[in-house]
Structure formats: structure tokens, C-alpha cells
Amino acid sequence: MPDHQARRVDLRSDTVTQPTAAMRAAMMAAPVGDDVFGDDPSVNALQARIADITGKQAALFMPTGTQSNLCALMAHCERGDEYIVGQNAHTYRYEGGGAAVLGSIQPQPLAQGSTGEMALADIAAAIKPEDIHFARTRLLCLENTWNGHPMPLSYLAQATDLAREHGLATHLDGARFFNAAVATPQAGADAFAAARHIASYFDSVSVCFSKGLGAPVGSALCGSQALIGRALRWRKMLGGGMRQSGVLAAAASHALDHHIERLAQDHALAQRLALGLSGIDGVRVRSAQTNIVFVDVADGRAPALLAHLAQHGVLATGLIGLRFVTHLDVDEAGIDHALACIRQFFRGQAVAAASAHVAGSAVY
Ligand SMILES: *Cc1c(COP(=O)(O)O)cnc(C)c1O
């Protein structure tokens, strides 16, 4: 039997998970109603729960993280306002320019260091004075985790203090918010306490249930009653007013009950992968934080390595470097299989290089 039929290890993203049987059962059993009327008990329960977890007054269930971030930006900023954001942040770089296109909000992107931080001096310098020449700087947007990196609490404190001193609101794109909570033990006694602590620096937080938490769909925006009231209007306008969405909210609630503490296992698997890779000539681990491992591949061989892996049922992403993401449908055996395939690839290359050398010698 070909290897790829024997085993499939999908490390492209933590969005590829299948809902577990228990999650599907929770979805089946969910009481539902029309959420545009505010009638869905499962949506209302999820919103109350995630608001409580993040320590905010209110929350709004969203179909996607993109829509949740966009509603947040549009609820914080008006036409002609500006938000400060990392040059490689998701809301700026990977959301189709929605803030500018749909929100008439000018992004002010800033360079980020290798772990995602924008320099405080750069943030301060980018805040425009009150002057008719300038857009009004209204909001600072951070991302946690960023490329897997959990932001240090000291940085969250300093950056959001700086924003507040200048009258800016603060938003956290927390697509992998709970990975950050689990990986920041100094933030709290457990993952939920840590989550609340991290959220406390921000006026609003967007979290995804469809990434490491294993739900099929859904995000939530958390913030003050007033902010969520404005976001509700934008969500409807953007087409995110769903009806019996309690079937989806039930999956998210199930994830909050069962899939938070276990994120530590995904982080351990990423470390197992990084450790294995560190013993292989031809690859270099660039970063391995929380559930994401970035790898540089020597001599432009990343595409060939990706193809080799795919042939053996191991899926990853990348062009120059490769990205591997662990999640609840990956186990130690899967990681070890991926490592074996990568070793085999470089052994094969070494053999090919050696025989090319022999063949070359024969010619001369
Ligand atoms: C995935 C992601 C989003 C968007 O979430 P979607 O549900 O895919 O729209 C936003 N921010 C970050 C950092 C993400 O990784």
C-alpha cells in the first residue's frame, strides 16, 4: 500500500481539523432560534461565556475572524480615521484590505521585529497630531500569537499604555488567542485566567474557534456593550447576521469546554517536530513557538521537499521556507512520520549528489 494511503498528516494549518464526535453531538443537541432576532439560546450562551472569559461586557458571534476584525475596526474607527498595525499583521496584509476598502479606514502599517513587535518609538512617531492635514489616528491593533509567537506581557502593557496615553483605542487580533494564553503561564494560574489577563490590556479582542480549538466555523468579537452594539450593525451590513447559528455556536462552546487546556499538547508536538528537525542537515528551524514551526530549507529545495512530503501524505505550506502547524488531528506518530519523510528526502538528495559525483568522475 502506498505510504500516502497509509497515513495523512496535514500540517498546513490548524484550520483543517474535523469536528470530533462529541463536538458533532453537541451541535446536534443545540437548542436554536433566529439569532437576528436575538432568539438563539446557544449563540447567546456562547456570547455570554466568551465575554466572561475575556472579561468584557459583551461579545458577538461571527462567521469568520476576518469579519470579526473588520467589524472591530469599523466599530472603533470612522471614515477618515486611521489604525496603526504591523506591516505583516493579518488585518493589514491578509484580509484583502477590508479596513480601507469597506471601512474607509486608513491603515498605518509599521515594521515588525522577528517576534512581531512594532517598536514603541515607531508607534509614538506614527500617531498623528490633531491637524486637518492628517487622518485621525484612532486605534492600535496588535496580534497574539503572531506567527506562533506569544507576545510578552510587558510589551502588551507598554504598547497599550502608549496607545491610551494618546487617546487611541486598542484591538487584539487573537485568532490564536488561547494558544497565547496557554503559552503565557505568567499571565495566570490557568489558561482561562491567562486569557482574561491578556484580554485586559485591550478594549476589544477577536478570537477564532475554527483554528486550534477545532470548531468548524466561527469567531467572536469581545468588548464593551457600546462597541459590540456598533459591531452588531456592521456585522448585519457585512452579511454576517446568521439565523439558527446555535448549531455552530454549540461547537464553539464545546471547544471552550474541552479544547483549551489540550493546546499544550499541540505546543509539545511542535517542539517534538523542531527537535527532530534540528538533527537533519539541509533544514534549519527558524522559529518554533506555540503550535507553529517555520523551517528554512537549504539551496532552494523547499518546493521539492514539499512535493516529496505530499507524496507521502504529509502536507505543509511554504515557498522559500516551510510552515508546519500542529493541531488536534495530529499525534506523535504523525510528527514522527513527517520527520522520517524529511530525513528520507535529504538522504535521497545526498545519494543523488554522490552518484552524480561518481557519474561526473566517469566522464572526466
Ligand atoms: C486566520 C486568521 C484570521 C482570520 O480568520 P478567518 O476565520 O480565516 O477569517 C485573522 N487573524 C489571524 C492572525 C489569523 O491567523
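Every number for a ligand or one of its atoms is a count from 1 in the order of the listing.
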**Q** Assign the ring pair His258 / His254 to parallel, tilted or perpendicular, where the plane angle (0 to 90°) is split at 30° and 60°.
**A** tilted
**Q** Quick one: look up the protein heavy atom nearest atom 11 (N) of ligand 1 and list residue, atom name and how far away it is.
**A** Asp173 OD2, 2.6 Å
**Q** Quick check for you: to the nearest 0.5 Å, what is the distance between Thr17 atom OG1 and Met23 atom CE?
**A** 7.5 Å
**Q** Between Glu95 and Asp173, is a side-chain contact (heavy atoms from CB on, under 4.5 Å) present by the stated rule, with each step listed?
**A** CA-CA 12 Å; Glu95 296 181 11; Asp173 175 2; 4.2 Å; yes
**Q** Please could you name the atoms of ligand 1 that Thr66 approaches to less than 4.0 Å, counting only its heavy atoms?
**A** 4 (C), 5 (O), 6 (P), 9 (O)
**Q** Would you say the side chain of Leu172 lies within less than 4.5 Å of the side chain of Ile198, judging by non-hydrogen atoms?
**A** yes
**Q** Can you confirm, on distance only, whether ligand 1 has an N/O atom lying under 3.5 Å from any N/O atom belonging to Cys208?
**A** no
**Q** Tell me which protein heavy atom sits closest to atom 15 (O) of ligand 1, plus the residue, atom name and distance to 0.1 Å.
**A** Lys211 NZ, 2.6 Å
**Q** Does ligand 1 come near enough to Ser219 that some N or O of the ligand is less than 3.5 Å from an N or O of the residue?
**A** no
**Q** Tell me which part of Asn69 gets within contact of ligand 1: side chain, backbone, both or neither, using heavy atoms under 4.0 Å.
**A** side chain
**Q** Measuring from Asp39:CG to Gln244:CD, what's the distance to the nearest 0.5 Å?
**A** 9.0 Å
**Q** If you define the side chain from C-beta out and look only at heavy atoms, does anything of Leu142 sit under 4.5 Å from Phe202?
**A** yes
**Q** Taking the basic N atoms (NZ, or NE/NH1/NH2) and the acidic carboxylate oxygens, is any pair closer than 4.0 Å for Asp336 and Arg343?
**A** no
**Q** I need the nearest protein heavy-atom contact for atom 13 (C) of ligand 1: residue, atom name and distance, please.
**A** Glu143 OE2, 3.1 Å
**Q** How far is atom 3 (C) of ligand 1 from its nearest protein heavy atom, and which residue and atom name does that atom have?
**A** His90 CE1, 3.3 Å
**Q** Find all atoms of ligand 1 within a distance of less than 4.0 Å from any non-hydrogen atom belonging to Gly65, and give their numbers and elements.
**A** 4 (C), 5 (O), 6 (P), 7 (O), 9 (O)
**Q** Could you tell me whether Gln67 approaches ligand 1 through its side chain, its backbone, both or neither, with non-hydrogen atoms closer than 4.0 Å?
**A** neither
**Q** Only heavy atoms of Thr64, strictly under 4.0 Å: list the atoms of ligand 1 that pass.
**A** 7 (O), 9 (O)
**Q** Do Thr54 and Phe177 have side chains that approach each other closer than 4.5 Å (heavy atoms only, starting at C-beta)?
**A** yes
**Q** Atoms of ligand 1 less than 4.0 Å from Arg176 heavy atoms?
**A** 15 (O)
